[in-house]
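Read through the structure below, which is laid out as structure tokens, and then see the notes.
No hydrogens, no waters, no symmetry mates; every other heavy atom, side chains included, goes into these values. A, B, ... follow the sequence lines: proteins, then strands. Residue 1 opens every chain.
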2 protein chains.
Amino acid sequence: MKIGELAKAAHVEVETIRYYERIGLLPAPSRSPNGYRAYAGGHLERLAFIRHCRALDIALVDVAQLLRFVDDPTTDCAEVDALIDSQLTRVRARLDTLQMLERQLVALRNQCGAPDRAAQCGILHELEAPTRGDVCVCHDEHAQ
Amino acid sequence: MKIGELAKAAHVEVETIRYYERIGLLPAPSRSPNGYRAYAGGHLERLAFIRHCRALDIALVDVAQLLRFVDDPTTDCAEVDALIDSQLTRVRARLDTLQMLERQLVALRNQCGAPDRAAQCGILHELEAPTRGDVCVCHDEHAQ
DNA sequence: CACACACCCTGTAGCCACTACAGGGTCAAG
DNA sequence: CTTGACCCTGTAGTGGCTACAGGGTGTGTG
């Protein structure tokens, strides 16, 4: 299997595959006489695993850790649980932040009184509020 | 006001301020005889504006655009509305994705049957599912 | 006066997970 | 024989900072 075929099969960009090889996530395949990478079925499996993890927004360092568990099935897997838990915690924290953010943006959007000059723009006015020490519609400047 | 004082006042790292200056977001201040940056009140205002936008997760290029409106209050501000709207759209899309992600992670977490060897780990088993073409608890590999 | 320590300066490199070239080689079809 | 699709390596760019290295300045203490 050439790199382009692997890319299509795994729904991944060719450059991404080379990148995974470079950082040691995907083992370097053998080469055809012309120097092209020649992949076997195992590579597709591993790449699918990586992409599945990435779809779950698991960081590549964590994916590497999971792959080590896959490669050595005799190890204790409590860390797998912990890894998924911390991932879940991270996602939930980000969800909270984004929900707050959405409320703030909606409040901001409602400031627009349909004027046509920036000088009268309620949104800009609102964004400038904290620079005057005023209370703003967001009420929380430290969201992130 | 020295850079450290400005940093404290705006709850920003010193390096971030220098970075904003480097990319042209914050105007270069005058210098004291010793070469230290000497900031005036306007700089704090502008920095507060930037941080407020950043707290709303508005990209720096968009912040730059908003600052242009602030600097020239006679321009049409319909673009301000559009910018906030597209921001809101982006945040909502990300919210949807994260909610899906959370459900997937919860489903994954529930796969753990409290085994102690990676070989029997339900989570690893589940993460490997797509590599065998099986249906996985996520049911959607293209979440991002 | 000597020294420590906090702060300031510039410039560069690192982070993450890719993405996008530049500049070249290989191969099959028409 | 040329076109075009694919492959190769290596490097640089993205965003929004953050973290040095290697120096200078200013203030307080012994």
Side-chain angles (χ1 to χ4, degrees), chain A residues 1-26 28-39 43 46-47 49-67 86-87 90-91 94 97 101 142-144, chain B residues 1-26 28-39 43 46-47 49-67 86-87 90-91 94 97 101 142-144:
Chain A
M1 199 167 18
K2 284 191 290 183
I3 197 169
E5 293 160 356
L6 179 64
K8 270 211 189 70
H11 307 284
V12 171
E13 294 293 316
V14 165
E15 287 88 354
T16 305
I17 296 174
R18 285 198 278 249
Y19 169 70
Y20 286 164
E21 180 183 324
R22 201 160 60 245
I23 63 171
L25 210 58
L26 201 60
S30 56
R31 298 282 179 138
S32 304
N34 58 12
Y36 290 8
R37 288 172 179 81
Y39 292 98
H43 285 101
R46 202 171 180 92
L47 188 51
F49 182 93
I50 295 170
R51 292 314 289 182
H52 192 191
C53 291
R54 288 296 301 136
L56 293 168
D57 214 20
I58 297 174
L60 287 182
V61 279
D62 294 336
V63 175
Q65 180 66 40
L66 289 173
L67 281 169
S86 79
Q87 185 64 17
R90 220 175 47 74
V91 166
R94 186 69 186 139
T97 302
L101 205 51
H142 304 294
Q144 174 53 304
Chain B
M1 198 168 18
K2 285 192 290 184
I3 195 169
E5 293 160 356
L6 179 64
K8 271 211 189 69
H11 307 284
V12 171
E13 293 294 317
V14 165
E15 286 88 353
T16 304
I17 296 175
R18 285 197 278 248
Y19 169 71
Y20 287 165
E21 180 182 325
R22 200 161 60 246
I23 63 171
L25 210 56
L26 201 60
S30 56
R31 298 282 178 138
S32 304
N34 58 10
Y36 290 9
R37 287 171 179 81
Y39 292 98
H43 286 101
R46 203 173 179 89
L47 188 51
F49 182 92
I50 296 170
R51 293 313 291 182
H52 191 192
C53 290
R54 289 297 300 137
L56 292 169
D57 213 21
I58 296 173
L60 288 181
V61 277
D62 293 336
V63 176
Q65 180 65 40
L66 289 173
L67 282 168
S86 78
Q87 184 65 18
R90 219 175 49 73
V91 166
R94 186 70 185 137
T97 303
L101 204 51
H142 303 292
Q144 169 55 316

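- Straight-line distance from the CZ atom of B:R37 to the C1' atom of D:dG24: 14 Å, rounded to whole Å.
- Among D:dC17, C:dA20, D:dT18, the nucleotide with an atom closest to any side-chain atom of B:E15 is D:dT18.
- Checking B:I17, B:T16, B:L67 one by one against B:L26, the side-chain contact (heavy atoms from CB on, under 4.5 Å) holds for a single residue, B:I17.
- Distance check, rounded to the nearest 0.5 Å: CD1 of B:I50 to CD1 of B:I58 gives 12.0 Å.
- Axis angle between the ends of the helix from C:dC1-D:dG30 to C:dG30-D:dC1, five pairs each and rounded to 10 degrees, works out to 20°.
- Among B:E15, B:R51, B:H43, the single residue meeting the side chain to side chain donor-acceptor pair (under 3.5 Å) criterion with B:Y20 is B:R51.
- Of the side-chain N and O atoms in B:T16, none sit less than 4.0 angstrom from OP1 or OP2 of D:dG16.
- Atom P of nucleotide D:dT18 and atom OH of B:Y19 are separated by 10 Å, given to the nearest angstrom.
- Counting to the nearest Å, the C1' atom of C:dC8 and the NZ atom of B:K2 are 7 Å from each other.
- Rounded to an integer number of Å, the gap from A:L6 CG to D:dC7 P is 10 Å.
- Distance B:Y36 OH to D:dG23 P: 16 Å, rounded to the nearest Å.
- Side-chain nitrogen and oxygen atoms of B:R31 include at least one within less than 4.0 Å of the OP1 or OP2 phosphate oxygen of C:dT10.
- Atom OH of A:Y20 and atom P of C:dC16 are 14 Å apart (whole Å).
- Within the 3.5 Å criterion, the main-chain N or O of A:L56 finds a donor-acceptor partner in the side chain of A:Q87.
- If you take CE on A:M1 and NZ on A:K8, they are separated by 12.5 Å, rounding to the nearest 0.5 Å.
- More than 12 heavy atoms of other residues, nucleotides or ligands shown are found within 6.0 angstrom of CD on A:E5.
- Atoms CZ and CG, on B:R31 and B:N34 in that order, are 10.0 Å from each other to the nearest 0.5 Å.
- The phosphate of D:dG26 has OP1 or OP2 within less than 4.0 Å of a side-chain N or O from B:N34.
- Closest non-hydrogen pair, B:V14 versus B:G4, comes out as CG2-CA, 4.0 Å.
- D:dG26 atom P lies 16 Å from atom CD1 of B:I3, rounded to whole Å.
- Straight-line distance from the CG atom of A:L60 to the P atom of C:dT19: 11 Å, rounded to whole Å.
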Close N/O contacts between protein and nucleotides 11-13 of chain C (under 3.5 Å):
none

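- Residues satisfying the salt bridge (charged side-chain N to carboxylate O under 4.0 Å, His left out) criterion with A:R18, sequence neighbours excluded, are absent altogether.
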